[in-house]
Amino acid sequence: MDAQDGVWRAAWEGARSQLLRFGRTTGRGLADMILPPMAHDSREATAAAGLTPDAWSRIIFLEAPVCDGCGAAFEFDGGDFAEDRCAACSTLPYAFERARAACIYDDASRGLILRYKHGDQQQFAPLFARWIGRAAAELTRDADAVIPVPLHPMRLLSRRFNQAAEIARPLARTCRLDYLPDSLIRTSHTQTQGGKSRRGRRLNVKKAFAVTEAGRRRIKGRRILLIDDVLTTGATAEACARALLDAGARAVDLAVIARVRNARDLTM
């Protein structure tokens, strides 16, 4: 009798779970019919929350071939015998091993990223996580864990959220990777990087990051995927990568929403 009760109970729980899933899916569908999801860049309704067709057409998404070291687009595909790194990355490689960016940071993408970063519009986070997941698919396949570039507590207090963390969390969940947001910390409240030369950016973030004791145990011998919003000169990601490598990480890769066209050519 007890065994039979167990069978019936399991069957009931399974049916109940299916009904709940059906109800949630149906409810979302009905809600979308009555109040369609709005595009993030306008009030135009879209089939799924994202960008309007006009915005999509203006974003310059980066497609292969790109430089393996910094994610910059190559002008043409050189075939099987082409170099996989640009001249700058071959001559002076970053501390991070590989980098990928979803799109070019320009007039079309800048507004969206700044609204997300400084306008408290966190609805962009899942969208940007999907962009990075597509652009950095090769990096996520090789990664063991995902770490966002951290904010100093004072800046986090003023901004209210870490834009890199809000992207890294859903990305790690989708890719089934460990998410380690507290392993890397920012130890100094540096000035903003905006308006600084390449050398000024490097000096501004030099020794600004450290790995916690608990973080050392979690990153040792592992390949880390570092997440940030924009790659400009690479100074911030470079400082983070060096801190992670010094703490025992096997390798560090970088994935960002966007990168400037001429990151390696900015004024020294």
Side-chain angles (χ1 to χ4, degrees), residues 40-41 50-79 82-119 124 127-140 148-149 163-164 167 171 191-205 225-241 252-268:
H40 295 322
D41 60 309
L51 300 181
T52 58
D54 178 60
W56 273 107
S57 67
R58 290 185 282 109
I59 299 288
I60 303 175
F61 290 99
L62 288 166
E63 306 286 349
V66 297
C67 171
D68 201 39
C70 67
F74 287 127
E75 293 185 5
F76 58 89
D77 189 345
E83 296 291 335
D84 61 359
R85 293 183 176 243
C86 66
C89 285
S90 296
T91 303
L92 187 64
Y94 285 114
F96 49 85
E97 190 167 314
R98 299 177 296 176
R100 294 293 185 275
C103 65
I104 292 292
Y105 189 66
D106 59 9
D107 291 341
S109 64
R110 184 182 299 110
L112 298 174
I113 294 172
L114 292 181
R115 282 167 61 187
Y116 168 62
K117 186 173 180 178
H118 299 295
F124 284 101
L127 178 68
F128 291 149
R130 291 196 298 271
W131 287 10
I132 289 177
R134 177 178 177 273
E138 183 180 359
L139 307 191
T140 59
V149 170
Q163 72 279 0
I167 296 169
L171 179 68
Q191 299 175 354
T192 179
Q193 293 281 66
K196 287 182 169 55
S197 66
R198 184 176 176 183
R199 181 174 181 274
R201 287 170 179 258
R202 287 200 306 268
L203 293 175
N204 190 42
V205 294
L225 180 60
L226 185 68
I227 302 298
D228 203 2
D229 49 12
V230 177
L231 172 64
T232 308
T233 64
T236 298
E238 176 95 355
C240 289
V252 178
D253 295 324
L254 171 70
V256 298
I257 307 167
R259 56 160 288 129
V260 299
R261 292 180 186 271
N262 58 340
R264 287 291 205 173
D265 301 327
L266 293 180
T267 303
M268 297 297 288

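All of these numbers come straight from a predicted model, not from anything done at the bench.
- In this view, Ala255 and Ile132, Ala136, Leu225, Ile227 satisfy the side-chain contact (heavy atoms from CB on, under 4.5 Å) rule, not counting sequence neighbours.
- When all heavy atoms are compared, the tightest approach of Ala164 to Val149 is CB-O, 3.8 Å.
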Might you work through the side-chain contact (heavy atoms from CB on, under 4.5 Å) test for Val230 and Ile257, ending with a clear yes or no? CA-CA 6 Å; Val230 177; Ile257 307 167; 5.7 Å; no
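- Between Ala102 and Ala135, the closest heavy-atom pair is CA-CB, 3.7 Å.
- Across every non-hydrogen atom of Trp131 and Cys103, the tightest pair is CZ3-SG, 4.1 Å.
- Arg261 contributes atom CZ, which lies 9.0 Å from atom CG of Leu62 (distance to the nearest 0.5 angstrom).
- Side-chain contact between Leu112 and Ser109 is absent, with no heavy-atom pair separated by less than 4.5 Å.
- By the ring pair (Phe, Tyr, Trp, His ring centres under 6.0 Å) test, Tyr116 is found to be paired with Phe128, Phe161, residues two or more places apart in sequence or in another chain being considered.
- With rounding to the nearest 0.5 Å, the separation of CZ in Arg85 from OG1 in Thr91 is 11.5 Å.
- Between the CZ atom of Arg100 and the SG atom of Cys70 there is a distance of 9.5 Å, given to the nearest 0.5 Å.
- Separation of atoms OG (Ser90) and CG (Asp68) is listed at 10.0 Å; rounding is to 0.5 Å.
- A search for salt bridge (Lys or Arg N to Asp or Glu O under 4.0 Å) contacts involving Asp228 returns nothing, not counting sequence neighbours.
- Under the rule for a side-chain contact (heavy atoms from CB on, under 4.5 Å), the partners of Arg110 that lie at least two apart in sequence or sit in another chain are Tyr105, Asp107, Leu114.
- Contact of the Glu63 side chain with the Arg134 side chain is registered, since non-hydrogen atoms from C-beta on lie closer than 4.5 Å.
- Contact check for Leu254 versus Arg259: no side-chain heavy atoms found under the 4.5 Å cut-off.
- Closest of all the heavy-atom pairs between Ala237 and Leu226 is O-CD2, 3.9 Å.
- Interatomic distance, OH of Tyr94 versus SG of Cys89, reported as 6.5 Å (0.5 Å rounding).
- Scored by the salt bridge (Lys or Arg N to Asp or Glu O under 4.0 Å) test, Asp229 finds Lys117 as partners (sequence neighbours excluded).
- We find the OG1-CG distance between Thr236 and Leu231 to be 9.5 Å, quoted to the nearest 0.5 Å.
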